[in-house]
Amino acid sequence: MENKKSLLSEFTRRAAQRLQDKRKPLRIKLHVESIDEDIVVRGLTEDEIFECQDMNTDENPLRGDKYGVYIGTVSPDLRAVAKELLEIGEIREAIEVVNIFSIMEITEIAREQMKLSGFASGGVTRIEALKN
């Protein structure tokens with residue numbers, strides 16, 4: 001019985017640590033060839049990811065990726081860049097700032113964000129089938 005309590009206690013401790021870690025968005029630095037610059041992106045929250053998915057349409061299937069890159073790029077702060085570009089009339093809506101990247105780069109940046117956010121495939125491995 002003591003062993004089960006010990007296992008439960010250890011699992012609870014690790015679960016609490018994992019939940020705390022998930023609250024801090026992970027960040028990575030990526031090099032973007034078309035602008036020959038490094039950028040820093042953060043992982044997205046579940047709500048942000050679902051919001052991105054809802055933005056995709058038949059006419060614009062990459063809008064969600066573009067939005068994720070827009071909100072998740074922290075250096076340079078694309079929101080601040082978009083604000084300045086809007087003020088000088090270079091873009092019509094803020095999300096257009098990501099058009100500084102190629103379509104493939106937008107997709108690759110979004111893919112890296114998904115990995116950071118824990119939405120990449122993998123992570124669970126079947127060990128064995130158990131009989132009841």
Side-chain angles (χ1 to χ4, degrees):
M1 186 67 166
E2 186 63 35
N3 191 26
K4 282 188 177 184
K5 279 187 176 184
S6 177
L7 287 173
L8 180 60
S9 177
E10 176 60 20
F11 188 83
T12 302
R13 183 193 65 74
R14 290 180 21 210
Q17 182 63 50
R18 175 77 174 128
L19 290 171
Q20 290 172 12
D21 291 346
K22 285 181 73 173
R23 288 188 195 107
K24 302 175 214 160
L26 299 175
R27 295 175 180 220
I28 57 169
K29 184 184 284 189
L30 302 170
H31 183 76
V32 182
E33 288 182 21
S34 66
I35 59 172
D36 196 26
E37 293 285 337
D38 292 342
I39 64 170
V40 176
V41 297
R42 67 170 175 83
L44 303 176
T45 65
E46 277 186 29
D47 289 341
E48 289 172 330
I49 290 170
F50 295 138
E51 187 177 356
C52 290
Q53 290 174 337
D54 288 344
M55 296 184 101
N56 291 330
T57 64
D58 289 339
E59 299 83 37
N60 194 348
L62 291 178
R63 187 166 175 83
D65 283 356
K66 288 181 175 186
Y67 183 70
V69 171
Y70 168 68
I71 64 174
T73 302
V74 295
S75 180
D77 180 355
L78 289 186
R79 291 178 187 210
V81 174
K83 183 178 178 181
E84 290 185 24
L85 291 173
L86 282 165
E87 287 174 2
I88 63 172
E90 195 63 38
I91 58 177
R92 291 181 313 221
E93 63 176 319
I95 196 173
E96 291 176 14
V97 70
V98 302
N99 292 337
I100 62 174
F101 308 123
S102 72
I103 296 294
M104 183 51 86
E105 289 168 340
I106 292 167
T107 301
E108 289 176 5
I109 294 166
R111 189 175 300 124
E112 291 297 324
Q113 285 179 302
M114 290 295 115
K115 289 178 190 175
L116 278 178
S117 306
F119 275 72
S121 62
V124 176
T125 305
R126 180 179 174 170
I127 299 172
E128 66 180 286
L130 301 175
K131 294 180 182 177
N132 290 335

Value for CG (Leu62) from CD1 (Ile103), rounded to nearest 0.5 Å, stands at 5.5 Å
For Glu108 and Arg111, what are the C-alpha separation, side-chain angles and deciding distance, and is it a salt bridge (charged side-chain N to carboxylate O under 4.0 Å, His left out)?
CA-CA 5 Å; Glu108 289 176 5; Arg111 189 175 300 124; 5.2 Å; no
With side chain to side chain contact (heavy atoms under 4.5 Å, CB included) as the criterion, how do Glu87 and Lys83 come out once you've worked through the C-alpha distance, each side chain's angles and the decisive distance to 0.1 Å?
CA-CA 6 Å; Glu87 287 174 2; Lys83 183 178 178 181; 3.7 Å; yes
Would you indicate whether the side-chain heavy atoms of Thr73 and Val98 approach each other to under 4.5 Å?
no
Once rounded to the nearest 0.5 Å, what's the spacing between atom CD1 of Ile71 and atom CD1 of Ile95?
9.0 Å
Go through the steps for Arg27 and Leu116 under the test side chain to side chain contact (heavy atoms under 4.5 Å, CB included), then give the verdict.
CA-CA 7 Å; Arg27 295 175 180 220; Leu116 278 178; 5.7 Å; no
What's the verdict on side chain to side chain contact (heavy atoms under 4.5 Å, CB included) for Arg42 and Glu48, showing C-alpha distance, side-chain angles and the deciding distance?
CA-CA 12 Å; Arg42 67 170 175 83; Glu48 289 172 330; 2.9 Å; yes
Let me confirm one number: the CG-CD1 distance from Asp77 to Ile39, rounded to the nearest 0.5 Å.
12.0 Å
Taking CD in Glu33 as the centre, count heavy atoms belonging to other residues, nucleotides or ligands within less than 6.0 Å. Is the count above 12?
no
In this structure, CE of Met114 is separated from CG of Leu44 (nearest 0.5 Å) by 5.0 Å
Glu112 and Lys115 ion-paired at < 4.0 Å
yes
Report the distance from atom CD of Glu96 to atom CD of Glu90, rounding to the nearest 0.5 Å.
10.0 Å
Look only at the side chain of Asp65 and the backbone of Ile106, and say whether a donor-acceptor pair between them is shorter than 3.5 Å.
no
Shared ILVMFWY cluster between Val74 and Val81, side chains joined below 4.5 angstrom?
no
What distance separates Leu30 CG from Ser75 OG, expressed to the nearest 0.5 Å?
11.5 Å
Let me check something: do Leu7 and Phe11 share a hydrophobic cluster, defined by ILVMFWY side-chain heavy atoms less than 4.5 Å apart, either directly or through other members?
no
Do the charged groups of Glu93 and Arg63 touch, with an N to O distance under 4.0 Å?
yes
Within-4.5 Å side-chain heavy-atom neighbours: Lys66 and Asn99:
yes
